[in-house]
Amino acid sequence: MTPSTAFEVGALRAQFPILGTSVHGKPLVYLDNAATTQKPRVVIDALVDYYATSNANVHRGVHYLSGRASDQFDQARATIARFLGAASPSEIIFTRNATESINLVAQAWGRATVSAGDEIVISAIEHHSNIVPWQLLCEATGATLRVIPMSDAGELDLDAARRLMGPRTRMLAVTALSNALGTVTPLADLVAMARSVGACVLVDGSQAAYHMPIDVQALDCDFFVMTGHKVYGPTGIGVLYGRAALLEVMPPWQGGGDMIASVTFERSTWNVLPYKFEAGTPDISAAIVLGVAVGFLTGVGLDRVQAHESALLAYGTEALQQVPGLRLIGTAAHKASILSFVIDGIHPHDIGTIVDLSGVAIRTGHHCAQPVMDRLGIPGTARASLAMYNTREDIDALVAALHHARKVLL
Ligand SMILES: *Cc1c(COP(=O)(O)O)cnc(C)c1O
C-alpha cells in the first residue's frame, strides 16, 4: 500500500447498501464473510442491468442481443483469467460454485487418470467440498485418500506431507486458506513436493481469492477453484482454472448442449476449451456479474485489502483475548481473516444466537470442516470472519456482545 492512497474503509462501506441496514434494531455488524460476502452497488446494479438491457442466450444467436450477451460473457471470462493470472481465458471454466469445480476435476480428471492403488493427498484442514469428491473418486477407483496432519495450532505438518507423497500420489488437493481456522498453507512447499513425485495439484482458493492476490502460474498449480459469492459476486457461479494441456486431454464431465462439436447417434465429438466443460445454458448473468465483482475487487486492490484485513486480524486477535474464558481456535503463525473461538461454559450456538440480538452476525458450528473439530475434540466454534469493509468498530461491537453473552449465559 502506498502512503498516498490510504485505504478509505468509510467510502468503501458506503458502496455496500446492506451495511447501512439494521437487524433487531441494531446497526448490522457483518462478520460472516467466510460464508458469503456482501455485494457492492456496482454488482447489484450489474445484475439488474443485464436483465434490463442484454438478456439473451449466448453462443447461438445471430441476433443483436445474443451477440451483446456473448460479448459480455466472453469479457467476464477474460477478466477472471487476468484476475487469476491464467495464460488464457480458455483455461477458465464457469461452474456453479467451488464445490462443483472440485467435483468436475475429481470426476473428469480422476476417472481418466486414477486407478486402484493410486493415492490422493489432501490435508486435515480441508472444507468438506475438498474431501468428499475425492472420497467418491477413491470409492469408484480403488484409490486411497491420504491426509496431511495438522498441529494443535492448525498448521500442516510438512515433514509428514513429504512422507505421504510418493510414486503412487496422483493428486495433491489442498486449500490455500482454511475457512475454519484461518491457516494460510505453505503452498510453495507443498506444490514443490507434489511436483517432485509427478503429482497434479489442485488448490482450493475459495477463501484465498478475496483475501490475497492470486497468480496461478506463479503458484504452479494445475487446477485452482473459486466461488463467486465469496469474491463479492453472485451465488450460483464458480470458476475452475485448469492448465490447458490437462484440460485438453480430460474427457468431458457432463454431456449436453454447447459442449459438443458434432452429434450423431453413433458418436459425438467435443467442443474446444473451455466449452467442452460447460454443458447446457450457463448462468449467464452471474458469470457477467462475477466479472464486474472481480473488476471491483481488483480496483480496490487485493494487496491493500490484504494489508487492511491483516491489521484488523491482529487487532481482533488481541481484543478477543480480553474476553474471559475465550480461547482462539486456529493460531497458526501465518493466518488470514478468520477468528474462530470457543468460550468456557457456553455452547458456540448460544454465543451466535445472543450476539445476533446485538446485530452482530457470526457463524457457529463445524464450518464444513468436521474433521478439524474432531481433531481438536470440540463440537464446533464461533467464527468471526473479515472482509474488506470491516472495521475496528465491528470488532469492538463483537467484543461488547460477547461480554454481554457471558453475562446472560453464565
Ligand atoms: C466456501 C468454501 C468452499 C465451498 O464453496 P461453495 O460456494 O459452497 O462451493 C470450499 N472451500 C472453502 C475453503 C470454502 O471456504
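Bear in mind that the values here come from a model prediction, so they are computed numbers and not experimental data. In each ligand, atom 1 is the first atom listed, and ligand 1 is the first ligand listed. One is the number of the first residue; the rest follow in order along the sequence.
- Using 4.0 Å as the threshold, Glu100 has no heavy atom nearer than that to any atom of ligand 1.
- Contacts with ligand 1 closer than 4.0 Å are made by side-chain heavy atoms of His229 only, the backbone lying farther away.
- For ligand 1, the atoms lying closer than 4.0 Å to a non-hydrogen atom of Thr99 are 4 (C), 6 (P), 8 (O), 9 (O).
- In this structure, a donor-acceptor pair under 3.5 Å is absent between the side chains of Thr183 and Ser178.
- A donor atom on one side chain and an acceptor atom on the other are not found under 3.5 Å apart for Tyr315 and Glu318.
- Note: Phe296 and Phe16 meet the aromatic proximity criterion, with ring centroids under 6.0 Å apart.
- Ligand 1 places these atoms under 4.0 Å from at least one heavy atom of Ala98: 5 (O), 9 (O).
- Between Phe73 and Phe94, the ring center distance clears the sub-6.0 Å criterion.
- At most 12 non-hydrogen atoms from other residues, nucleotides or ligands lie less than 6.0 angstrom from CZ of Arg327.
- Side-chain contact annotation: Ser206 with His127, donor-acceptor N/O pair under 3.5 Å absent.
- At a 4.0 Å cut-off, not a single heavy atom of Asn130 sits close enough to ligand 1 to count as contact.
- Using 4.0 Å as the threshold, Lys230 has a heavy atom nearer than that to some atom of ligand 1.
- The single protein non-hydrogen atom nearest to atom 11 (N) of ligand 1 is Asp204 OD2, 2.6 Å, given as residue, atom name and distance.
- The N/O atoms of Thr175, backbone and side chain alike, include none that comes under 3.5 Å of an N/O atom in ligand 1.
- His128 has its ring centre less than 6.0 Å from the ring centre of His366.
- Looking at Thr227 next to ligand 1, an N or O pair under 3.5 Å apart turns up.
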